[in-house]
Amino acid sequence: MKLTDLRGILQYIPQFREKTFILAIDGAIVTDDNFATLMLDVALLWSLNIRVVLVHGASAQIKSLAEDRQVKASDLDGAGVTDAATLDLALTAANRLTHEILEGLSANDLRAAYANVIVAHPVGILQGVDHLFTGKVERVDADLLQSLLAQGVVPVIPPLGFDGDGKTYRVNSDGVALAVAEQLKAIKLIFVTAQDGLIYHGTLIPQMLVGELARLIQQDAGGFAPDMISKAQHATGACAAGIPRVHVINGTLDEGLLGEVFSNHGLGTLIYANEYEHIRPAKKKDVRAIQLLTRQAVEAEELMKRSRGVIEKSLGDYFIFEIDKNPVACVALHVYPEENQGELACLYVSSSHENQGVGRKLIQFVENKARELGLRELLALSTQAFTYFQSKGGFVEGTPDDLPPPRREKYDHSGRRSKVLVKKLG
Ligand SMILES: CC(C)(COP(=O)(O)OP(=O)(O)OC[C@H]1O[C@@H](n2cnc3c(N)ncnc32)[C@H](O)[C@@H]1OP(=O)(O)O)[C@@H](O)C(=O)NCCC(=O)NCCS
């Protein structure tokens with residue numbers, strides 16, 4: 001990490017200050033070499049006034065403990081049947097893991113506490129099968145969590161729940177993380193796993209709208225690795241419960257957590273709820289963002305170079321597409337009132353968000369605006385994306401004669417010889 005990266009982090013601080021992140025850590029990560037770094041990163045988040053709650057799983061440890069003791073675990077992740085022997089394994093494994101996490105946090109001078117906050121009841125008999133000691137989260141003691149957080153204490157929550165009679169149940173840690181995130185109105189739920197993120201048919205999903213993920217799960221759940229389907233399901237559940245962003249990251253990577261939290265294009269998967277996507281008019285402070293966003297495309301001659309002054313002069317024509325308040329794409333609509341034409345210009349989608357329909361949404365947005373203004377025709381000039389405008393935007397190839405006279409003059413002068421694309425709006 002470079003010192004200058006600190007400037008990039010600065011933009012996130014106001015949005016994250018005093019907000020809650022839930023870190024759902026798979027048991028396998030606690031024994032990984034990178035665990036100490038992960039705990040250091042938790043300390044860094046706390047130092048930025050981000051309230052971090054840790055929830056952990058225990059399946060990897062239950063598995064190895066079962067092997068050591070030569071008993072058969074009836075279930076590993078708290079989703080199936082938990083018999084008495086497996087509950088005993090879960091208690092030993094979970095307590096040991098909670099302890100190791102507490103050790104890791106105190107090594108970084110963080111105050112932390114084992115939080116007994118999950119009130120559970122037995123899952124009961126499902127399709128004729130008694131799930132015995134497998135529990136379902138009934139309630140989260142949010143008051144206790146809030147008071148710990150208010151005192152600067154990091155709560156550590158194991159995958160265990162208690163009922164009113166003091167009986168213990170094994171609960172699924174993804175479900176615990178979701179319930180805690182919902183109760184605390186967390187702004188992020190981060191699943192820290194041993195995988196790179198959500199992998200669908202062998203390909204990592206870098207980011208996806210929750211609706212799209214829900215559709216994939218419904219139509220083709222088999223496309224996800226078996227150990228990741230629970231993360232995918234809980235990610236959609238969390239977004240539906242009002243958590244705006246869910247991340248799935250690889251906890252064995254040095255920069256896995258900070259890279260994901262403090263950048264627009266982390267290494268893992270981001271699942272986000274709709275309201276985080278937004279097209280808005282550009283403001284003065286966006287001029288630099290537009291220049292930074294489009295710099296690469298300008299260098300590759302995909303876009304015309306625009307000076308600060310040029311953008312500022314027609315700033316009212318520019319729109320920004322943002323995700324989580326970060327500009328990831330831009331577009332402009334220049335209007336030629338005399339000819340009743342509009343020009344869609346400066347369309348750019350950052351490479352980290354390509355091929356997710358953002359470009360199409362911006363074309364549609366500009367087209368709607370042009371129709372609202374009663375324009376008869378929308379034009380676009382492109383050197384390398386003309387087939388895109390044709391196949392995805394419904395434009396047809398025109399000629400420079402289609403351009404309004406002032407634009408024609410600039411066109412001839414630039415020597416770029418872009419193709420002219422036209423869409424009739426009548
Ligand atoms: C062209 C651009 C705006 C596309 O944005 P995007 O959000 O990635 O595109 P979408 O997700 O809406 O569409 C993706 C589809 O377009 C295709 N596509 C992307 N760039 C393309 C190009 N230059 N030419 C032809 N097709 C292209 C993709 O292959 C994909 O096809 P598929 O859906 O059949 O698989 C983006 O790549 C970009 O910013 N390019 C550089 C700047 C530029 O050329 N701007 C246009 C001049 S105004």
Side-chain angles (χ1 to χ4, degrees), residues 200-209 211-213 215-216 264-265 270 272 274 276-280 282 286 289-307 310-311 314 317-324 326-336 341-370 375 377-400 402-404 407-408 410-411 414-423:
Y200 181 68
H201 286 294
T203 307
L204 176 76
I205 300 175
Q207 55 247 315
M208 191 173 266
L209 256 173
E212 178 69 0
L213 178 64
R215 194 182 57 76
L216 286 188
N264 252 345
H265 36 84
L270 162 66
Y272 57 100
N274 287 355
Y276 262 63
E277 213 183 81
H278 187 50
I279 300 173
R280 62 163 177 81
D286 296 315
I290 294 171
Q291 285 190 305
L292 282 176
L293 258 177
T294 54
R295 191 168 55 194
Q296 247 186 345
V298 170
E299 280 165 13
E301 291 185 32
E302 289 167 321
L303 288 183
M304 193 174 81
K305 189 168 166 55
R306 290 165 173 85
S307 69
V310 163
I311 301 176
S314 52
D317 293 355
Y318 285 80
F319 297 90
I320 303 284
F321 186 105
E322 47 179 32
I323 291 180
D324 195 19
N326 295 306
V328 299
C330 58
V331 73
L333 170 62
H334 303 309
V335 178
Y336 301 92
Q341 286 171 301
E343 179 192 350
L344 183 158
C346 199
L347 173 65
Y348 181 76
V349 178
S350 93
S351 53
S352 55
H353 292 78
E354 267 177 4
N355 293 323
Q356 292 169 40
V358 175
R360 260 170 286 195
K361 281 182 194 161
L362 283 172
I363 294 180
Q364 193 58 55
F365 175 82
V366 164
E367 195 180 314
N368 291 347
K369 275 235 157 300
L375 303 180
E377 205 167 68
L378 193 57
L379 304 159
L381 278 82
S382 178
T383 54
Q384 291 165 46
F386 43 89
T387 53
Y388 175 76
F389 282 107
Q390 288 168 315
S391 62
K392 313 294 175 198
F395 284 71
V396 294
E397 192 170 341
T399 71
D402 290 308
L403 298 173
R407 185 67 182 94
R408 175 66 196 257
K410 255 170 71 187
Y411 176 90
S414 79
R416 281 169 55 80
R417 304 190 57 216
S418 314
K419 289 211 187 217
V420 176
L421 297 136
V422 184
K423 185 162 187 180

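What's counted below: heavy atoms across the whole structure, side chains too, no hydrogens, waters or symmetry copies. Remember, it's 1-based here, ligands and their atoms both numbered in the order they're listed.
The shortest heavy-atom contact between L216 and M208 is CD1-CE, 3.7 Å.
Heavy atoms of A345 stay at 4.0 angstrom or farther from ligand 1.
Panel note: side chain D402, backbone T399; a donor-acceptor pair is recorded below 3.5 Å. Listed for the S307 side chain is a donor-acceptor partner under 3.5 Å among the backbone atoms of V310. Side-chain atoms of K423 come within 3.5 Å of backbone N or O of G393 as a donor-acceptor pair.
Protein non-hydrogen atoms do reach within 4.0 Å of atom 8 (O) of ligand 1. Atom 35 (O) of ligand 1 is never approached by the protein to below 4.0 angstrom, counting heavy atoms only.
Of the candidates L293, N355, L344, N355 brings a heavy atom nearest to atom 29 (O) of ligand 1. Remark: among candidates F321, Y388, F386, the nearest residue to atom 4 (C) of ligand 1 is Y388, based on non-hydrogen atoms. Ranked by closest heavy atom to atom 11 (O) of ligand 1, the top entry among S382, G357, A380, A300 is G357.
If you number the atoms of ligand 1 from 1 as listed, the ones under 4.0 Å from a heavy atom of E302 come out as 41 (C), 44 (O). Those atoms of ligand 1 that come under 4.0 Å of a heavy atom in T387, given as number and element, are 24 (N), 25 (C). Residue L303 has at least one heavy-atom neighbour below 4.0 Å for each of these atoms of ligand 1: 45 (N), 47 (C), 48 (S). Atom numbering of ligand 1 starts at 1 in the shown order; those under 4.0 Å from a heavy atom of E354 are 8 (O), 37 (O). Near G359, meaning under 4.0 Å from any of its heavy atoms, are these atoms of ligand 1: 5 (O), 6 (P), 7 (O), 12 (O).
When the shell of 6.0 Å around CZ of R280 is examined, it contains more than 12 heavy atoms from other residues, nucleotides or ligands. Within 6.0 Å of CD in Q296 there are 12 or fewer heavy atoms belonging to other residues, nucleotides or ligands. Shown here is E354, whose CD atom has more than 12 heavy atoms of other residues, nucleotides or ligands within 6.0 Å.
For the pair V349 and ligand 1, the shortest N or O to N or O distance falls below 3.5 Å. In terms of polar-atom proximity, defined here as any N/O pair under 3.5 Å, Y348 makes no such contact with ligand 1.
Put simply, the side chain of K419 does not reach to within 4.5 Å of the side chain of F395, judged on heavy atoms.
Scanning all protein heavy atoms for the shortest distance to atom 13 (O) of ligand 1 gives R360 NH2, 3.0 Å. Protein heavy atom closest to atom 32 (P) of ligand 1, with residue, atom name and distance, is K392 NZ, 3.5 Å. Taking atom 43 (C) of ligand 1 as the reference point, the nearest protein heavy-atom neighbour is L347 O, 3.7 Å. Among all protein heavy atoms, the one lying closest to atom 23 (N) of ligand 1 is Q384 O, 3.1 Å.
Residues passing the side-chain hydrogen bond (donor to acceptor under 3.5 Å, both in side chains) test with Y388, sequence neighbours excluded: none. A search for side-chain hydrogen bond (donor to acceptor under 3.5 Å, both in side chains) contacts involving Q341 returns E377, not counting sequence neighbours.
Q207 and Y272 share no donor-acceptor pair across their side chains, judged by distance under 3.5 Å alone.
At a 4.0 Å heavy-atom cut-off, ligand 1 does not touch K361 at all.
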